Amino acid sequence: MLKGKTALVTGSTSGIGKAIATRLAAEGANVILNGFGDAKEIEALRAGLERDHKVRAGFSGADLTKAEAIEGMMAQAAKAFGGVDILVNNAGTQFVSPIEDFPVAKWDLIIALNLSSAFHTTRLALPHMKSKKWGRILNMGSAHAKVASPFKSAYVAAKHGLSGLTKTTALEGATSGVRANLICPGYVFTPLVEGQIADTAKARGMTEEQVKNDVLLAAQPTKEFVTVEQVAGFAAFLCSPAADSINGAELSIDGGWTAQ
Ligand code: NAD
């Protein structure tokens, strides 16, 4: 379905991003991985995608909190792959603390990574997409792009901001074949959530088991974590012709969390 397209998936060395990169490669897209982690494991992932799906796969270790590093990554993508057709702004991080104690450096980090990085990749990817009259921008929102939870001020602010960026991008690209949408998962069991369970337990004085059942899945009516494969399948659908008229939407995949 996506043969001849190139997908850049930020934060794809782990969790949701890794599953999306793998799924888009399975659909025939060349992929550019990005993120941190063990160099050998990342190379094994990159080489595995090429071997298993007969596509080209690249990697950029750009730190997305830095605009210059993003510019370097996008230049590398243009040189090696001719440009980015599918941009998945997925990299993100979380920090849990009451606002009055929220470390300023953590606020700045989360806004830079979860919000500003998507502005930079988008501004640099749009000219190529518009010239091709085709582009897909998938921003990784969250149920927290629609509703808040206590102690997650920076994350909730960044995800709500990403929703605004998505809608603006959707309007600006609408007549040029570019589609921008916000995927809003509920709780997906990934390393990010595992870390959050420990942090929330500390912040609320609970055991990790209590946090899992009484805090996280309490909000999710299905009482099941969303899987990375479900999010990846949804991302692939949004790149398909069936999704050509979906633009500027906040699309929940949260087991009914935000229906409440
Ligand atoms: P994860 O921690 O498993 O993966 C995060 C990825 O981002 C990793 O590849 C990491 O190396 C990369 N990364 C971190 N800092 C970076 C930086 N400065 N520059 C470049 N890359 C960096 O997390 P995940 O759970 O897979 O989350 C991915 C996205 O999904 C995030 O935007 C998150 O907010 C969103 N999300 C997650 C959940 C969930 O329950 N897991 C729910 C809703 C939304």
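When a ligand or atom number is given, it counts from 1 through the structure's own listing order. The shown structure was predicted, so the numbers you read here are calculated from the model rather than taken from an experiment.
Residue contact check for ligand 1: Val193 places a non-hydrogen atom closer than 4.0 Å to it. Residue Gly186 places a heavy atom under 4.0 Å from ligand 1.
Nearest non-hydrogen protein atom to atom 19 (N) of ligand 1 is Leu64 N, 2.9 Å. Atom 43 (C) of ligand 1 has Pro185 O, 3.5 Å as its closest protein atom, hydrogens excluded (heavy atom only). When hydrogens are left out, the protein atom nearest atom 36 (N) of ligand 1 is Tyr155 OH, 3.5 Å; that is the closest non-hydrogen contact. Looking at atom 35 (C) of ligand 1, its nearest protein heavy atom turns out to be Met140 CG, 3.6 Å. For atom 1 (P) of ligand 1, the closest heavy atom belonging to the protein is Ser14 OG, 3.6 Å. In terms of protein heavy atoms, atom 2 (O) of ligand 1 is closest to Leu192 CB, 3.5 Å. Taking atom 32 (O) of ligand 1 as the reference point, the nearest protein heavy-atom neighbour is Asn90 O, 2.7 Å. Scanning the protein heavy atoms around atom 5 (C) of ligand 1, the nearest turns out to be Gly92 O, 3.9 Å.
For the pair Lys40 and Glu43, the salt-bridge criterion is not met [side-chain N within less than 4.0 Å of a carboxylate O]. Salt-bridge annotation for Lys66 and Asp63: present, with a side-chain N of the basic residue lying under 4.0 Å from a carboxylate O of the acidic one. Ion pairing between a basic and an acidic side chain is recognised when a charged N comes within 4.0 Å of a carboxylate O; Glu71 and Arg123 show such pairing. Between Asp199 and Arg204 there is no salt bridge, since none of the side-chain N atoms of the basic residue sits less than 4.0 Å from a carboxylate O of the acidic one.
Of the inter-residue distances, the one linking Lys132 atom NZ with Lys5 atom NZ reads 8.0 Å to the nearest 0.5 angstrom. In this structure, CG on Asn181 lies 8.0 Å from CZ on Phe234, to the nearest 0.5 angstrom.
Proximity to Asn34 (heavy-atom distance under 4.0 Å) selects the following atoms of ligand 1: 20 (C), 21 (N). Of all atoms in ligand 1, numbered sequentially from 1 with element shown, those under 4.0 Å from a heavy atom of Thr65 are 18 (N). Residue-ligand proximity, Tyr187 to ligand 1, at heavy-atom distances under 4.0 Å covers atoms 40 (O).
For ligand 1, the polar-atom distance check against Thr190 finds a nitrogen or oxygen pair separated by under 3.5 Å. For ligand 1, the polar-atom distance check finds no N/O of Leu113 at less than 3.5 Å from any of the ligand's N/O atoms.
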- Task: Begin with the C-alpha distance, continue with both residues' side-chain angles, and end with the deciding distance and a verdict on side chain to side chain contact (heavy atoms under 4.5 Å, CB included) for Trp134 and Met129.
- Result: CA-CA 5 Å; Trp134 195 93; Met129 292 179 178; over 6 Å; no
- Go through the steps for Ser12 and Asn34 under the test side chain to side chain donor-acceptor pair (under 3.5 Å), then give the verdict. CA-CA 5 Å; Ser12 47; Asn34 157 259; 5.9 Å; no
- Begin from the C-alpha positions of Arg56 and Thr6 and carry the test side chain to side chain contact (heavy atoms under 4.5 Å, CB included) through to its verdict. CA-CA 9 Å; Arg56 287 178 60 212; Thr6 295; over 6 Å; no
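Contacts between Cys184 and ligand 1 below 4.0 angstrom, taking non-hydrogen atoms only, are absent altogether. Contacts with ligand 1 closer than 4.0 Å are made by no heavy atom of His144, backbone or side chain. Under 4.0 angstrom from ligand 1, the non-hydrogen atoms of Ser12 all belong to its backbone.
Nearest heavy atom pair, residue Leu24 against residue Cys239, reads CD2-SG, 4.3 Å.
Of the candidates Val9, Val188, Ile20, the one placing a heavy atom closest to atom 40 (O) of ligand 1 is Val188.
Residue Ser252 forms a side-chain contact (heavy atoms from CB on, under 4.5 Å) with just one option from Ile183, Thr258, Leu182, and that option is Thr258.
Classification of the Trp257-Tyr187 ring pair by plane angle, with boundaries at 30° and 60°, yields parallel.
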